[in-house]
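Scroll down for the structure; my scribbles are underneath it.
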Amino acid sequence: MYWSKLFIPTLRENPAEAEVVSHQLLLRAGYIRQLAAGVYNYLFLAQRSILKITAIVREEMDAIGAQEMLLPALNPAEVWQESGRWTIMGDNMFRLKDRFGRDMCLGMTHEEVMTSIARGELRSYKQMPQIWYQIQTKFRDEPRPKSGLLRVRQFIMKDSYSFDMGPEGLDVAYNKHRDAYCRIFERCGLQFVIVEADSGAMGGSKSNEFMVRSEAGEDFVVECKGCGYAANLEKAVGKPSAPLASDPEGDLAPEEFHTPGQKTIAEIAAFTGLPETSQMKSLVMAADGTLVLALVRGDHQLSETKFASAVGAVEVRPAHPEEIRQAFGADAGSLGPVGVSKIRVIADLALQGRKNMIAGANKNDYHLRNVTPGEDFKPEFFDLRQVVTGDACLQCGKPVEMYKTVEIGHIFKLGYKYSKSMGLHVTNEGGEEITPIMGSYGIGVERILSSAVELYADKDGMSLPPAIAPFFVVVTPVNIKAGPQMEMSQKIYQACKAAGLDALFDDRDERPGVKFKDADLIGAPWRVTVGKKLAQGKVEVVNRRTKQSTDVAIEDVVTFLKGQ
RNA sequence: CGGGGCGUAGCGCAGCCUGGUAGCGCACCUGCCUUGGGCGCAGGGGGUCGGGCGUUCAAAUCGCCCCGCCCCGACCA
């Protein structure tokens with residue numbers, strides 16, 4: 001293609017609204033333009049890149065026997081009501097009414113629709129198993145779209161769904177997907193890690209996320225370099241550091257003491273001269289509207305995800321000050337577990353076996369010393385604590401690391417949630433009706449592009465992996481007024497195309513600096529510069545990422561590029 | 001939804017505090033010049049100052065309301 005004829009609106013300066021690198025560069029390089037918060041136009045370059053990504057996704061999905069479908073983005077409320085997610089999705093779902101007042105929504109994901117197809121058509125074990133997928137636009141009314149294409153309200157997702165006769169079959173489908181995802185992300189040129197993940201509102205047992213390390217991400221991953229353990233922070237486990245002071249010996253009874261104005265863990269630590277690890281932190285949470293008292297060690301953080309999964313709640317929030325006062329007769333800062341009877345008390349495992357600790361007295365400005373879990377109150381123990389950097393790995397004992405990531409894929413063992421609620425049955429070999437087991441597997445297409453931009457950006461712009469760059473090579477004549485340069489550029493461009501290389505011919509009447517800057521910005525992996533060395537029958541082939549320039553004889557250019 | 005910020009030419013911004021002719025850089029158009037990293041010279045076009053209401057002789061500027069966008073938090077199959 002001829003650059004002079006294309007619409008590639010590059011910008012010299014960073015648009016003010018863009019904060020993260022991928023957002024800045026996608027705008028500057030003319031890939032995207034914003035239409036509304038979290039809604040983007042994908043211009044020519046973005047579309048080319050997306051088509052390359054989806055082509056890879058298709059090949060790998062087809063290779064595991066998955067069948068592509070195209071499903072409605074516009075859904076009737078009924079299927080979502082059947083699964084119960086019409087309510088659960090809350091404000092995250094775009095909703096509308098048709099002219100007759102019927103409730104409709106824009107699909108956030110397609111478990112319900114896929115299951116509705118399956119229950120109408122799948123009858124016998126002979127039709128099983130099935131893997132169906134789609135590459136389509138999904139809609140989520142995100143409370144806060146941000147970071148360019150990383151968190152948006154309308155995006156392209158590859159979603160697949162597996163239907164199997166039983167758990168063994170699901171294992172097979174799950175592993176096929178895990179392998180296919182690895183191939184997809186490798187082919188896209190990404191560096192990624194597979195982590196254990198929380199299943200959240202999707203329901204189901206096991207799930208893994210595919211993460212790309214990036215400061216622009218929103219998820220934290222805990223990883224052990226020793227044994228390879230890796231998990232989303234929401235799910236991660238680790239062995240906490242030992243308490244800084246040993247607990248007082250003896251079978252002591254709780255004893256109230258005055259702590260005027262001392263509310264925070266740090267204040268109590270300073271006041272008593274005992275470290276934070278000697279305290280119990282009392283957090284009152286509302287779990288689906290019911291108050292629960294959660295206890296963690298003074299220096300630890302409560303993981304809301306673990307808390308929600310421990311109490312089996314969908315919606316979790318800190319209790320309001322009025323709720324706390326009403327239930328405990330004291331305010332946050334003086335709360336504790338002793339004497340609490342009407343409220344469920346759960347405690348983190350790090351408190352198991354501890355004794356004679358400090359906790360609030362449920363009386364403003366008073367605390368208790370010598371509080372022993374299991375004696376002075378009887379909590380249910382769960383893993384509730386958020387892992388921190390430096391915790392010992394549970395598997396190998398080495399200290400764990402933590403870093404920010406972008407989630408590019410997520411695979412779930414769904415179980416029977418949708419097949420059961422929506423009445424999917426098939427007959428097995430013995431003639432009995434069984435409920436198939438399902439899996440669901442997603443890939444965020446724009447996130448592949450964004451995370452590749454993030455991963456390989458430098459001061460000059462993007463440096464995309466060849467497989468997903470909109471063009472593989474840009475052929476640039478230094479001076480288009482110089483006839484031989486122009487002719488030779490054209491020839492090289494044609495030869496590249498004939499050899500199957502995705503080439504762009506920068507025939508614009510611009511100064512060389514402008515053309516070099518633009519080529520760097522849009523991130524094509526290679527540039528062929530046709531200039532003064534033409535006299536010796538040579539051109540320069542420049543590697544975008546390494547900036548290394550090689551003089552190559554004209555007749556060898558295509559071979560050289562093909563060999564890369 | 002809570003906190004903060006912004007909205008003036010396509011982009012980046014100044015002007016607003018202290019009301020009185022709407023400005024700068026880049027981009028764009030024309031001509032000349034130039035051609036190895038966003039070149040130079042000359043000329044030119046482009047603005048409901050986010051919207052509404054109000055105060056005032058007079059509002060980009062002051063007040064109230066609304067809308068949009070960004071950031072932090074909450075949220076995030």
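Chain naming here is simple, since letters A, B, ... match the order of the sequence lines and numbering starts at 1 in each. Nothing here was measured: the structure is a model prediction, and the numbers come from that model.
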Handout entry: Gap in Å between the two C1' atoms, one belonging to U8(B) and one to A14(B), rounded
Key =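 It comes out at 10 Å once rounded to the nearest Å.
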
Exercise for the section: Indicate for each nucleotide in nucleotides 68-75 of chain B, in 5' to 3' sequence, whether protein heavy atoms under 4.0 Å reach the base (B), only the sugar-phosphate (S), or nothing (-). Expected result: -SSBBBBB

Looking just at side-chain N and O atoms, do [X] and [Y] make a donor-acceptor pair shorter than 3.5 Å?
| X | Y | answer |
| --- | --- | --- |
| K138(A) | H110(A) | yes |
| T305(A) | D198(A) | no |
| E446(A) | Y40(A) | no |
| Y456(A) | R544(A) | no |
| T137(A) | Q154(A) | no |

Using whole Å, what does the distance between atom [atom2] of nucleotide [N] and atom [atom1] of [X] come to?
| X | N | atom1 | atom2 | value |
| --- | --- | --- | --- | --- |
| E510(A) | G36(B) | CD | P | 14 Å |
| D551(A) | G36(B) | CG | C1' | 13 Å |
| L521(A) | C26(B) | CG | C1' | 15 Å |
| L150(A) | C76(B) | CG | P | 18 Å |
| R511(A) | U35(B) | CZ | P | 8 Å |
| D509(A) | C39(B) | CG | P | 13 Å |
| L11(A) | G25(B) | CG | C1' | 15 Å |
| L27(A) | G10(B) | CG | P | 17 Å |

Practice task
Respond yes when some side-chain nitrogen or oxygen of R12(A) is under 4.0 Å from OP1 or OP2 of A27(B), and no when none is.
Solution key: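 For A27(B), OP1/OP2 do have a side-chain N/O of R12(A) under 4.0 Å.
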
Practice task
Classify the nucleic acid contact of D219(A) as base, sugar-phosphate or nothing, counting any heavy atom under 4.0 Å across all strands shown.
Solution key: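 Contact class for D219(A): none.
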
Handout entry: Name of the residue among S419(A), S440(A), S83(A) meeting side chain to side chain donor-acceptor pair (under 3.5 Å) with E111(A)
Key =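 The option that passes is S440(A).
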
Handout entry: Base-pairing assignment for A9(B) (Watson-Crick or G-U wobble, both under 3.5 Å)
Key =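 The base-pairing partner of A9(B), which may sit in any strand shown, does not exist here.
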
Problem - Nearest listed nucleotide, side chain of E13(A), among G12(B), G37(B), G38(B) - result: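 The nucleotide sitting nearest to the side chain is G12(B).
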
Problem - Nucleotide nearest F516(A) when distance is taken to its side chain, options G37(B), U34(B), G38(B) - result: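 Side chain of F516(A) sits closest to G37(B).
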
Handout entry: Electrostatic pair K538(A)-D556(A), nearest N-O below 4.0 angstrom
Key =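 Answer for the salt bridge query: no.
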
